[in-house]
Amino acid sequence: MKVTLPDGSVREYEGKISALDVVRDISEGLARVACAVKIDGEVKGLTTELIGDIEEFVVLKFDDDGGKDAYRHTSSHIMAQAVKRLWPEAKVAIGPAIENGFYYDFDVEKPFTPEDLTKIEDEMGKIIKEDYPVERFELPREEALKLMSEMDEPYKVELINDLPEDAVISFYKQGDFTDLCAGPHLPSTGKVRSYKLLSAAGAYWRGSEKNKMLQRIYGTAFDNKKDLKAYLNMLEEAKKRDHNKLGRDLELFTTVDYIGQGLPILLPKGARIVQLLQRFVEDEEQKRGYLLTKTPFMAKSDLYKISGHWDHYRDGMFVMGDDEEGEAFALRPMTCPFQFQVFLNRMRSYRDLPMRLGETSTLFRNEASGEMHGLIRVRQFTISEGHIICTPEQVEQEFSEALKLAKFMLETLGLIEDVSYVFAKWDENNREKYIGSPEDWENTQNFMRKILDDLEVDYKEEEGEAAFYGPKLDIQIKNVHGKEDTLITVQVDFQLAERFKMEYIDSDGQKKHPIVIHRTSIGCYERTLALLIEKYAGTFPVWLSPVQAKMLTITDRSNEYAAEVASLLESRGIRAEIDTRNEKVGFKIREARNERVPYIAVIGDKEIEEGTLSVRMRGKKEDTIMTPKELADKIADDVLNKN
RNA sequence: GCCAAUAUAGCUCAGGUGGUAGAGCAGCAGUUUCGUAAACUGCAGGUCAGCGGUUCGAAUCCGCUUAUUGGCUCCA
C-alpha cells in the first residue's frame, strides 16, 4: 500500500495499518499534535484503517481546517460523558463543534447552574486523565436503533430514523460513553489539553420553537493553555467594547424600564452622532439624484392589506384599534407602501424613471420580548430608507448604483472590511411566508443573481432569508461578540408595484408596472451607531466625535481665554467644550480621555504678551504661546484635516 | 415568545441563616489657583426595580410584573 505525503514522498506499508500508524511513522512529535488526517480530500479520524493506495495524505494539526473541529467535537463528547456520569437520566441530543468551541444539548430535569458547570468541568478532567481510546464502529440501521433504544436515547433514535436509507450509521465509544456520531474524533480522550465551559442556555430540539427546549452547554477547547487563556481574555476585552456597555458609559444612550424594551433614549452625544450621520446620508443621496420624502408613521389597516403586511407581518406590527369593530391603524414597520404613494401621486411616464426616493424613516416593529438588545435590536428605529422605481432596463444599473452608495457609506464609516454579502432567497417549502408564484420567485432570483454576478459581488446564498415580497442582498456585519446582523439591504421587487397598481406609460405608449428596488444606504442609525461604537471602541473618527476638542484650564485665570477659543471653534462648526472645573489638570485629562475626545489642549496661565496664553496640546512636551484665535485656527486645521 | 441568571445611591460594589442600609468614585458647598491619569474638608444622595403575600418585623423568604444579560426561536 502506497501513501503519498504532501511533499510528494511516498511511503509503503504492508498489512493492517491506521492513519495514526502512518503519522507515527512520519514522526512521533507529529503524532502527539495530530488531531485528524485528510485522506484524498476527506477529513478522517486518526484511528481510521487505511485501505488501498492514498494519493494525498495530510496530517491535520489543531490549527488546520478540520483538526480543530475534531478536537472540539471530542471535547463535546467528553462533556456529554461527564454529564451522563453526573446525571445518568440525562438524554443526549446533538453536540457539534462550532466556530469558537462546541456545545452539547441535553434533555434534563433541571437546567444547569454555574456550579453544575464547574462539576462537569471537573468530571471532564477525570475522563481526560483516564484517557479512553475513542473507538469508531458502524451498525446497520436496525441494530443502531436497537442500541439507542436500549440506551434510552430517544433523540438519537429520532436522528437515526431521519437518516437517508443508504447512510452509514457510525458510533463512537469512549469508556462508558457511546454516542451516535459521524465523527471524526481524536484517537483518545487524553488528547484534550485545555477546555472551559462557558455558559448554559435553553435551546429548542432541532432548532424549532415547536419542539421541547433542551439545555445546551457551550464550551471551548484549545490545544494549549495559553491560547485558551488568550481566547477567554479576548472575550473579556470584547465585553468592554460592547456598545451596550460602552454606549451607556459614554452617555450616548440609555434605557428606562418604564418606557419599555427596545425603546432606547438617545442622549445628546448619541443623538449628535446620529444627526451627523443623517445629514451626511441625506446630502449624499441628494447628490445622487434622490428626492427626499416625508411620509406618515402610521396608516389604516387598508394600506397594509394592499401591501400584504396585514397577512404576512401583522404580528410584527403595533396595531391600534380593531378593524372588525371599525378602523384600525398600525404604526409602520416599513416605508415602502407609504413612499409608493409619491409615485402614484400622478400619472408617470418612462421619462420620470428612474425615480429615486429617499427618506429618513422611523419604523416600528413589535419584536418578541426576548429579542431586544441595546441598539442592535429595537422596537423603534430610524433607517435611511429609499425606493428606486424604474424600468426593467434600468434595474441593473440602479441596483449597481444603490450598492455603490452602500459601499461608499461603509467605506466612509470604515466598516467596509468587516462586512460580508448574503443573497437571501425564499424557501420554496414554506410558501405561506411569501407572496407571488414560484415562477415569479425563480425569475426574480435568477435576475438578481445575474446582477450580483455581473457586479462581481462575493456573496453566499441563503434560503428562507428573503423578505416576503422579494429576494435581498444583505450586507452582514459581525458585532464584537461575533454575532452577525444585517446592516444594509438592497432588494429587487417585482411584486408590490403590481399590488399597488403602480404604472408608467412606456415609450411605446403601453402602461407597464415598474420594478422597485428597496434599499438602504447606511442601514438603521441605531444599529449603525452600535457597530461604530464597537468598531472604534468609542473613539469615533473625528468627524463623528460628539466632542471634537476640549480645552482644560489650569487655573481660573485661563477660563476666559478657553471660553473664547471654544466660541471661535463653535462658530466654525467644530464641537468644542471647556473644562474649567477646579480640579487637577491630570484628573481633567483622564476624564477627557475617557470621554474619547480627540483633541485636548491644556490652557496654561502664563501670559507672555497681552492676549496670549501658554498652551500645550495633547502629546506635546512644549508649551506654545498663542492667542485664542491662533489656537482655534490650529485646532480647526487639525480637525478639518482629520476629516 | 421559550430556557436561565441578574436588579441595593448617577457609577462600581459591600450588606451569612429576617431586626429597618454602607464604602469608593461622581454630585453639591467651602478651602486650594495648582502644568499632563485622582488636592483637602464638609454636605447631600436610597419606597433596596415595581406590586402583592408570609411575618410582630422583609433589601433578605414566597408569588406576580417590569427591565437587563446570556442563549434558542424570530428579524433591519
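Here is the naming used below: chain letters follow the sequence lines, and residue numbers restart at 1 for every chain. Below, all heavy atoms of this structure are taken into account, side chains as well, without hydrogens, waters or symmetry copies.
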Quiz item: So what's the dot-bracket for RNA chain B: Watson-Crick or G-U pairs under 3.5 Å, [ ] if a pair crosses, | if it pairs off-strand?
Solution: (((((((..((((.....[..)))).(((((.......))))).....(((((..]....))))))))))))....
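- Using a 4.0 Å cut-off between charged side-chain N and carboxylate O, A/E99 and A/K478 make a salt bridge.
- If you measure from atom CG of A/L117 to atom P of B/A4, you get 14 Å, rounded to the nearest angstrom.
- Residue A/Y434 is tested with A/F468, A/W441, A/Y313 for a ring-ring contact (aromatic ring centres under 6.0 Å, His included); the sole match is A/W441.
- Within the 4.5 Å cutoff, side-chain heavy atoms of A/R332 are placed close to those of A/S361.
- Taking atom P on both B/A44 and B/A23, the two are 12 Å apart, rounded to the nearest angstrom.
- At whole-Å resolution of the value, CE in A/M372 and P in B/G70 are 14 Å apart.
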Can you give me every donor-acceptor pair (side chain of residues 422-429 of chain A, partner residue at least two apart or in another chain, under 3.5 Å) with its distance?
unit_1: A/K425; atom_1: NZ; unit_2: A/E461; atom_2: OE1; d: 2.6
unit_1: A/D427; atom_1: OD1; unit_2: A/N429; atom_2: N; d: 3.0

Between the protein and nucleotides 7-15 of chain B, which nitrogen or oxygen pairs come in under 3.5 angstrom?
none

Self-check item: Protein proximity profile, nucleotides 71-76 of chain B - base contact B, sugar-phosphate-only contact S, no contact -, cut-off 4.0 Å on heavy atoms
Solution: BBBBBB
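- When the P atom is used for both B/U55 and B/C43, the distance is 42 Å, rounded to whole Å.
- Using a 4.0 Å heavy-atom distance criterion, A/G523 is classed as making no nucleic acid contact.
- Atom CG in A/D605 sits about 13 Å away from atom P in B/U36, given to the nearest Å.
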In residues 595-603 of chain A, what donor-acceptor pairs under 3.5 Å come from side-chain atoms, sequence neighbours left out?
unit_1: A/E595; atom_1: OE1; unit_2: A/K550; atom_2: NZ; d: 2.9
unit_1: A/E595; atom_1: OE2; unit_2: A/K550; atom_2: NZ; d: 3.2
unit_1: A/R596; atom_1: NE; unit_2: A/A537; atom_2: O; d: 3.2
unit_1: A/R596; atom_1: NH1; unit_2: A/N594; atom_2: O; d: 3.0
unit_1: A/R596; atom_1: NH2; unit_2: A/A537; atom_2: O; d: 3.2

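- With the nearest nucleotide of RNA chain B identified for both A/V602 and A/L263, A/V602 has the one nearer the 5' end.
- For the residue pair A/P111 and A/D116, the shortest heavy atom distance occurs at O-OD2, 4.0 Å.
- Look at the C1' atom in both B/C40 and B/G46: the space between them is 27 Å, to the nearest Å.
- Atom-to-atom, NZ of A/K210 to P of B/G1 comes out at 18 Å; the value is rounded to the nearest Å.
- Salt-bridge check for A/K588 with A/E591: failed, with every basic side-chain N at 4.0 Å or more from each acidic carboxylate O.
- With A/E526 contributing its side chain and A/L375 its backbone, the two residues share no donor-acceptor pair below 3.5 Å.
- Interface remark: the A/S614 side chain does form a donor-acceptor pair with the B/G35 base, using a distance-only criterion of under 3.5 Å.
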Polar-atom pairs under 3.5 Å, protein N or O versus N or O of nucleotides 60-66 of chain B: list them with distances, or write none.
unit_1: B/U66; atom_1: O2'; unit_2: A/D257; atom_2: O; d: 3.3

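- Side chains of A/T220 and A/R72 form a contact here, defined as non-hydrogen atoms less than 4.5 Å apart.
- A/R356 and A/E401 are not joined by a salt bridge, as no carboxylate oxygen comes within less than 4.0 angstrom of a charged side-chain nitrogen.
- Between the A/T293 side chain and the A/T295 main chain, no donor and acceptor come within less than 3.5 Å of each other.
- By the 4.5 Å heavy-atom criterion applied to side chains, A/T360 and A/V281 are not counted as neighbours.
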Heteroatom pairs (N/O) under 3.5 angstrom, protein to nucleotides 43-47 of chain B:
none

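- For the pair A/E577 and A/M551, the minimum side-chain heavy-atom distance is 4.5 Å or more.
- For A/E109, there are no salt bridge (charged side-chain N to carboxylate O under 4.0 Å, His left out) partners two or more places apart in sequence or in a different chain.
- Along RNA chain B, the nucleotide nearest to A/R557 and the one nearest to A/G586 differ in position, and the one closer to the 5' end is contacted by A/R557.
- Within the structure, every pair that satisfies the ring-ring contact (aromatic ring centres under 6.0 Å, His included) test and touches residues 239-279 of chain A, not counting sequence neighbours, is listed here: A/H243-A/H373.
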Considering only nitrogen or oxygen atoms on both sides, find all protein atoms under 3.5 Å from nucleotides 25-30 of chain B and state each distance.
unit_1: B/G27; atom_1: OP1; unit_2: A/R581; atom_2: NH1; d: 3.3

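- At a threshold of 4.0 angstrom between heavy atoms, the contacts of A/K588 with the nucleic acid are absent.
- In the region residues 406-417 of chain A, proximity to RNA chain B at under 4.0 angstrom, judged on heavy atoms, holds for none of the residues.
- In this structure, A/L232 and A/L198 have side chains that are in contact, with non-hydrogen atoms separated by less than 4.5 Å.
- Heavy atoms of A/N594 sit nowhere under 4.0 angstrom from any nucleic acid atom.
- Between A/F102 and A/Y104, a ring centre-to-centre spacing not shorter than 6.0 Å is recorded.
- Ring geometry for A/H387 versus A/H518: interplanar angle over 60°, hence perpendicular rather than tilted (30 to 60°).
- Using a cutoff of 4.0 Å between basic side-chain nitrogens and carboxylate oxygens, A/D162 and A/R206 are scored as salt-bridged.
- The stretch residues 90-110 of chain A does not touch RNA chain B, since none of its heavy atoms comes less than 4.0 Å from the strand.
- Only the C1' atoms considered, B/U54 is 26 Å distant from B/A67, to the nearest whole Å.
- B/U47 and B/G52 have their P atoms separated by 16 Å, with the value rounded to a whole Å.
- B/C25 and B/A9: their C1' atoms are spaced 12 Å apart (whole Å).
- The pair A/E583-A/R590 fails the salt-bridge criterion, with no side-chain N (NZ, NE, NH1 or NH2) lying under 4.0 Å from an Asp/Glu carboxylate O.
- A/F399 places a side-chain heavy atom less than 4.5 Å from the side chain of A/L452.
- One C1' atom belongs to B/A58, the other to B/C48, and the distance between them is 11 Å to the nearest Å.
- Side-chain atoms of A/S384 and A/T520 include a donor-acceptor pair closer than 3.5 Å.
- Looking at A/I94 and A/Y103, their side chains come closer than 4.5 Å, going by heavy atoms from C-beta outward.
- Between B/U17 and B/C61, the distance separating the two C1' atoms is 11 Å to the nearest Å.
- Under the 30°/60° scheme for interplanar angles, the aromatic rings of A/F540 and A/Y536 are found to be tilted.
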Quiz prompt | Criterion salt bridge (charged side-chain N to carboxylate O under 4.0 Å, His left out) on A/E385 and A/R519, from CA distance to verdict | solution = CA-CA 6 Å; A/E385 181 78 283; A/R519 45 104 279 166; over 6 Å; no
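- Checking B/G35, B/A37, B/G1 against the side-chain heavy atoms of A/S369 singles out B/G1 as nearest.
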